[in-house]
Each structure stands twice: as C-alpha cells, then as structure tokens.
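Here's the structure we're looking at; comments come further down.
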Protein chains: 2
Amino acid sequence: MLINEVSKKTGISAHTIRFYEKSGLIEGKRNESVKSNNYYHYDDITVEKLEFISDAKSVGFTIREIGQMIDAWYNKKYSKKQKLEILDDKLNSLEQKMKEIRQMKKQILQFKEDVVNDRC
Amino acid sequence: MLINEVSKKTGISAHTIRFYEKSGLIEGKRNESVKSNNYYHYDDITVEKLEFISDAKSVGFTIREIGQMIDAWYNKKYSKKQKLEILDDKLNSLEQKMKEIRQMKKQILQFKEDVVNDRC
DNA sequence: ATCAACCTTAGACTATACTCTACTGTTGCT
DNA sequence: AGCAACAGTAGAGTATAGTCTAAGGTTGAT
C-alpha cells in the first residue's frame, strides 16, 4: 500500500502519517528492486497501528506513550517482562484517568444541582 | 489573598495563575483605596476555581471548555437553560471518554495476553 | 509526449498551554 | 536608608502535535 491508500483506510492524512513515521510510531518499507522511485510501502499491520494510535490519542496518551505501547507489542527490543511492565503501567494510568473522570462527573452533577436550585 | 498565597494553597505557580487570569478563567480584584500598588487580590472562590481547573485539565478538558464550565456555574451571563446545556454537554463528553478508556483497556489487556502467550 | 495525480523532503507555520526572563515598582523588616 | 521578598507587565521561549507549502521527481492513462 502507498501512503494515500493508508490515509483513506485510516482517515489520517498523509501529512500526519509521515509525522507519525518521523516520530517512530510506524515504519514503511522501500522496495529495493524498484530504483526509479523511493515510495514507501505500508502493510496491514501499519493500518492496525494507525488505528491504535487514533484510539490511544483520544484517551489522552502522548505520542511517546503510544510509541512505548507499540514497541511493547510489535517490537523485539523489550523482554517479556519489560513489555508487561509497560502495558501494566498504561493500564494503571487508565485506571487513574477513570477515577478522575468519575470525580469530575460528580462535580459537574453537583454544579447542575446548584444551577437547578438557584444556588449560583 | 495575594497571588503567592493562592499559589501556595493550590500548588499552581503564580505565572500559571496569571496565565489563567489572562485566559479569563479567574479574576482578581484591585483594591481601589490603595493607590501605592496595583496588586490583585483573590478570594476563596478563586482558589476553588483553580482547584477545579486542575481537576478538569487532568481529565483532558481544554482551557476553553473549562472556561465554559466555570461560567456556567459562577457567572450570570448564561440563562439557567444554557447553563444546564453546557454542563450536560460536558457530562456527555465524559461518558464518551469513559467509553474510549474502557475500549483502550480491553485492547491493552489483549496486548498483554498476546505477550504472555508469545503471540507477538 | 503530455498531464493529472501521485510520491518525497525540508522546512515554515499554527494552536494550545504553559514557563521563563527582563525590567520595574512596593512592602515590610532591621 | 537598605534590602530581601514580593508584586506587576510585556514579551520571548518551550513542548506537543500536528498542518501546510514549496519544490522537485514518478506513474499511468490518453
């Protein structure tokens, strides 16, 4: 797949895909046998990663954190133990986010009550 | 209270408090009777707002969104109906965030399983 | 051969949310 | 009066995450 096809599949612009590539989140391959151009080719795993990136971004993970998770899953550079550590760390931060959201929900519900009862 | 006291109470730097003031989230009052200086004075409500700002930021609300919520609660410029609309809107976005987090949790748990079972 | 529609790179630009610096003035203690 | 510790403003600088432009090369259909 060339970049435009990946872009269409994921809804992420080619610009942004290149930005993610520069950031080390994904990696295209150049076809060595073709010498006339230097187009990058992407596989289905890349599409999968990009979908994960979108989801992870919307829950508030940074590019760096997302990179760690991708490495923990797709990469050989960590030991099993290290991978599990990274993933557990991210799970903990999700738990933390959940707690904060529940708190915030309570707070806003309180605001609402105050509005309804003209206490503000 | 002067700015440093507010900073100590909230753990937010004086710089950042001034930034929030410029952004319209809080508002200090100048003492008209004192002419030798132009120090801002802050009340307990401001401290309350700043604590809310910290919490709201950590669940991912932007300055603009936080400003809306503060206005919906402390300000006279919206009708009751408008206030409730704003607050409901934020509650919905919290629900959305929760859903996304639960999804992400599932995904990471799947990653973990794959790591444990050497599927990656 | 030409032309639209692709591809690449380098680098400039934007928005958000700070964070810091420089400079100046005020307060309160000794 | 001197001085540390505080206050204010303007504006520059930083980090993150894109977003866009310019300039050039390639592909594929006509």
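First the proteins, then the strands, lettered A, B, ... as listed; each starts at 1. Every heavy atom of this structure was used, including side-chain atoms; hydrogens, water molecules and symmetry mates were not.
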Applying ring pair (Phe, Tyr, Trp, His ring centres under 6.0 Å), run through F52(A) and F111(B) and close with a yes or a no. CA-CA 11 Å; F52(A) 175 72; F111(B) 280 7; 5.2 Å; yes
Closest-nucleotide mapping onto DNA chain D: is S36(A) or F19(A) further toward the 5' terminus? I mean the 5' end. F19(A)
Of K22(B) and E5(B), the one whose closest nucleotide on DNA chain D sits nearer the 5' end is E5(B)
In whole Å, what is the span from the [atom1] atom of [X] to the [atom2] atom of [N]?
{"X": "Y40(A)", "N": "dG25(D)", "atom1": "OH", "atom2": "P", "answer": "18 Å"}
{"X": "K57(A)", "N": "dT16(C)", "atom1": "NZ", "atom2": "C1'", "answer": "13 Å"}
{"X": "E65(B)", "N": "dT16(C)", "atom1": "CD", "atom2": "P", "answer": "11 Å"}
{"X": "N37(B)", "N": "dG25(C)", "atom1": "CG", "atom2": "P", "answer": "14 Å"}
{"X": "L2(A)", "N": "dG28(D)", "atom1": "CG", "atom2": "P", "answer": "9 Å"}
{"X": "I12(B)", "N": "dC18(C)", "atom1": "CD1", "atom2": "P", "answer": "9 Å"}
{"X": "I17(B)", "N": "dT9(D)", "atom1": "CD1", "atom2": "C1'", "answer": "17 Å"}
{"X": "K8(B)", "N": "dA7(D)", "atom1": "NZ", "atom2": "C1'", "answer": "13 Å"}

Is the shortest heavy-atom distance from the side chain of N75(B) to the side chain of K83(B) under 4.5 Å? no
Nearest to the side chain of [X], which nucleotide is it out of [options]?
{"X": "R18(B)", "options": "dT16(C), dC20(C), dG8(D)", "result": "dG8(D)"}
{"X": "I3(B)", "options": "dT21(C), dG8(D), dT16(D)", "result": "dG8(D)"}
{"X": "R30(A)", "options": "dT9(C), dT16(C), dG8(D)", "result": "dT9(C)"}
{"X": "H15(B)", "options": "dC6(C), dC20(C), dT9(C)", "result": "dC20(C)"}
{"X": "Y39(B)", "options": "dT9(D), dT27(D), dA7(D)", "result": "dA7(D)"}

OP1, OP2 of [N] versus side-chain N and O of [X]: anything below 4.0 Å?
{"X": "N4(A)", "N": "dA5(C)", "result": "no"}
{"X": "Y42(A)", "N": "dC7(C)", "result": "no"}
{"X": "T16(A)", "N": "dA17(D)", "result": "no"}

Just checking, is any N or O donor in the side chain of Y74(B) or E27(B) under 3.5 Å from an acceptor N or O on the other one? no
Determine whether the side chains of Q107(A) and Q103(A) contain a donor N or O and an acceptor N or O closer than 3.5 Å. no
Of I63(B) and V34(B), whose closest DNA chain C nucleotide lies nearer the 5' terminus? I63(B)
Pick base, sugar-phosphate or nothing for S23(B), based on heavy-atom distances below 4.0 Å to the nucleic acid. nothing
At under 4.0 Å between heavy atoms, what does S13(A) touch on the DNA or RNA strands: base, sugar-phosphate, or nothing? nothing
Q82(B)/K77(B) under side chain to side chain contact (heavy atoms under 4.5 Å, CB included): CA gap, chis, key distance, verdict: CA-CA 9 Å; Q82(B) 284 175 313; K77(B) 77 180 177 192; over 6 Å; no
Donor-acceptor pair under 3.5 Å: do we get one between Y20(A)'s side chain and the base of dG18(D)? no
Does the Lys NZ or Arg CZ of R30(B) fall within the cation-pi geometry relative to Y40(B) - under 6.0 Å from the ring centre and within 45° of the axis? yes
